[in-house]
Amino acid sequence: RKEVEQDPGPFNVPEGATVAFNCTYSNSASQSFFWYRQDCRKEPKLLMSVYSSGNEDGRFTAQLNRASQYISLLIRDSKLSDSATYLCVVKTHGTASKLTFGTGTRLQVTL
Amino acid sequence: ETGVTQSPTHLIKTRGQQVTLRCSSQSGHNTVSWYQQALGQGPQFIFQYYREEENGRGNFPPRFSGLQFPNYSSELNVNALELNDSALYLCASRTSTSSYNEQFFGPGTRLTVL
């Protein structure tokens, strides 16, 4: 079983749609949680951190459920520029804190 | 731009050869991690360097090795290249004051093994 699992998609949605991505993780020792965005042939970039209380950044809302080991990302009013791969990431802390990535979910927003 | 640079941007090698990839971390960042991203997959952690020593390693064989220099730049060396080593290799840097600090990724080196 993969440590971080995501639906690979692709999700094809029209502009203005709301789209939700889900992710589950297996390591209960995971301590920090993130969504990264990766454009085609580019490096991953941090989109937002994810907290149990939920957090919002403009059109993006992220939520963490520690009991279910489940992370979500909601994008409202999708824009063409949102087309990218969204990577669910968990982090354990310690001497060597490492990021563990899911395979990513590809989003294509169309006119 | 993150301030993390990598060279070369692209590289083509043949099976059995050796390769060295380079990374210059963002100013003030003394911790560098390397990741391998195969096509259609998320990045996989290879190892992390802090103060010129490896202090964490993922599930990669010993033919993947690294170095970190006093200026915090880093190298990833891969010996006896195999076809499935073809991937995007990413380095990421952060300050070590807190492992909660964000890691910043470089643009990557795309390695093709023929």
A.B. asks: Can you name the nearest heavy-atom pair linking B:Leu88 to A:Lys42, along with the distance?
C.D. replies: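 Nearest heavy atoms, B:Leu88 then A:Lys42: CD2-O, 4.4 Å.
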A.B. asks: From B:Gln44 CD over to A:Leu99 CG, what is the distance, rounded to the nearest 0.5 angstrom?
C.D. replies: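 Going from CD on B:Gln44 over to CG on A:Leu99, the span is 11.5 Å.
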A.B. asks: For the interface with chain A, which of B:Pro107, B:Pro43, B:Gly42, B:Gly58 has the highest count of heavy-atom pairs at distances below 4.5 Å?
C.D. replies: B:Pro43
A.B. asks: Assigning hydrophobic clusters by single linkage (Ile, Leu, Val, Met, Phe, Trp, Tyr; side-chain heavy-atom cutoff under 4.5 Å), is A:Val13 placed with A:Leu80?
C.D. replies: yes
A.B. asks: Atom CZ of B:Arg57 and atom NZ of A:Lys98: how far apart are they, to the nearest 0.5 Å?
C.D. replies: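 Rounded to the nearest 0.5 Å, the CZ-NZ separation comes to 12.5 Å.
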A.B. asks: If you count the non-hydrogen atoms of other residues, nucleotides and ligands that lie under 6.0 Å from CZ in B:Arg51, is the total more than 12?
C.D. replies: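 Result for CZ/B:Arg51: open.
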A.B. asks: Heavy-atom distance under 4.5 Å to chain A: side chain of B:Gln103, backbone, both or neither?
C.D. replies: both
A.B. asks: In the single-linkage hydrophobic clustering (I, L, V, M, F, W, Y; side-chain heavy atoms under 4.5 Å), do A:Val89 and A:Val4 co-cluster?
C.D. replies: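 The answer is no; the residues belong to distinct hydrophobic clusters.
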A.B. asks: With hydrophobic residues grouped by side-chain heavy-atom distances under 4.5 Å, do A:Val19 and A:Leu73 end up in a single group?
C.D. replies: yes
A.B. asks: Quick one: which of B:Phe104, B:Phe47, B:Phe105 has the most heavy-atom pairs under 4.5 Å with chain A, could you say?
C.D. replies: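 Going by pairs under 4.5 Å, I would pick B:Phe105.
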A.B. asks: Is there a path of hydrophobic side-chain contacts, each under 4.5 Å between heavy atoms of I, L, V, M, F, W or Y residues, that connects A:Met48 with A:Leu74?
C.D. replies: no
A.B. asks: For the residue pair A:Glu43 / B:Gln6, report whether a side-chain donor-acceptor contact shorter than 3.5 Å exists.
C.D. replies: no
A.B. asks: Checking A:Arg41 against chain B: side chain, backbone, both or neither under 4.5 Å from a heavy atom?
C.D. replies: both
A.B. asks: What part of A:Gln6 is in contact with chain B, defined as an atom under 4.5 angstrom from a non-hydrogen atom: side chain, backbone, both or neither?
C.D. replies: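 Neither part.
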A.B. asks: Do B:Leu90 and B:Leu111 land in one hydrophobic cluster if side-chain heavy atoms of ILVMFWY residues count as linked below 4.5 Å?
C.D. replies: no
A.B. asks: More than 12 heavy atoms of other residues, nucleotides or ligands under 6.0 Å from CG of B:Asn84: is that the case?
C.D. replies: yes
A.B. asks: Once you round to the nearest 0.5 Å, how far does CD of B:Glu102 lie from NZ of A:Lys45?
C.D. replies: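 Rounded to the nearest 0.5 Å, the CD-NZ separation comes to 11.0 Å.
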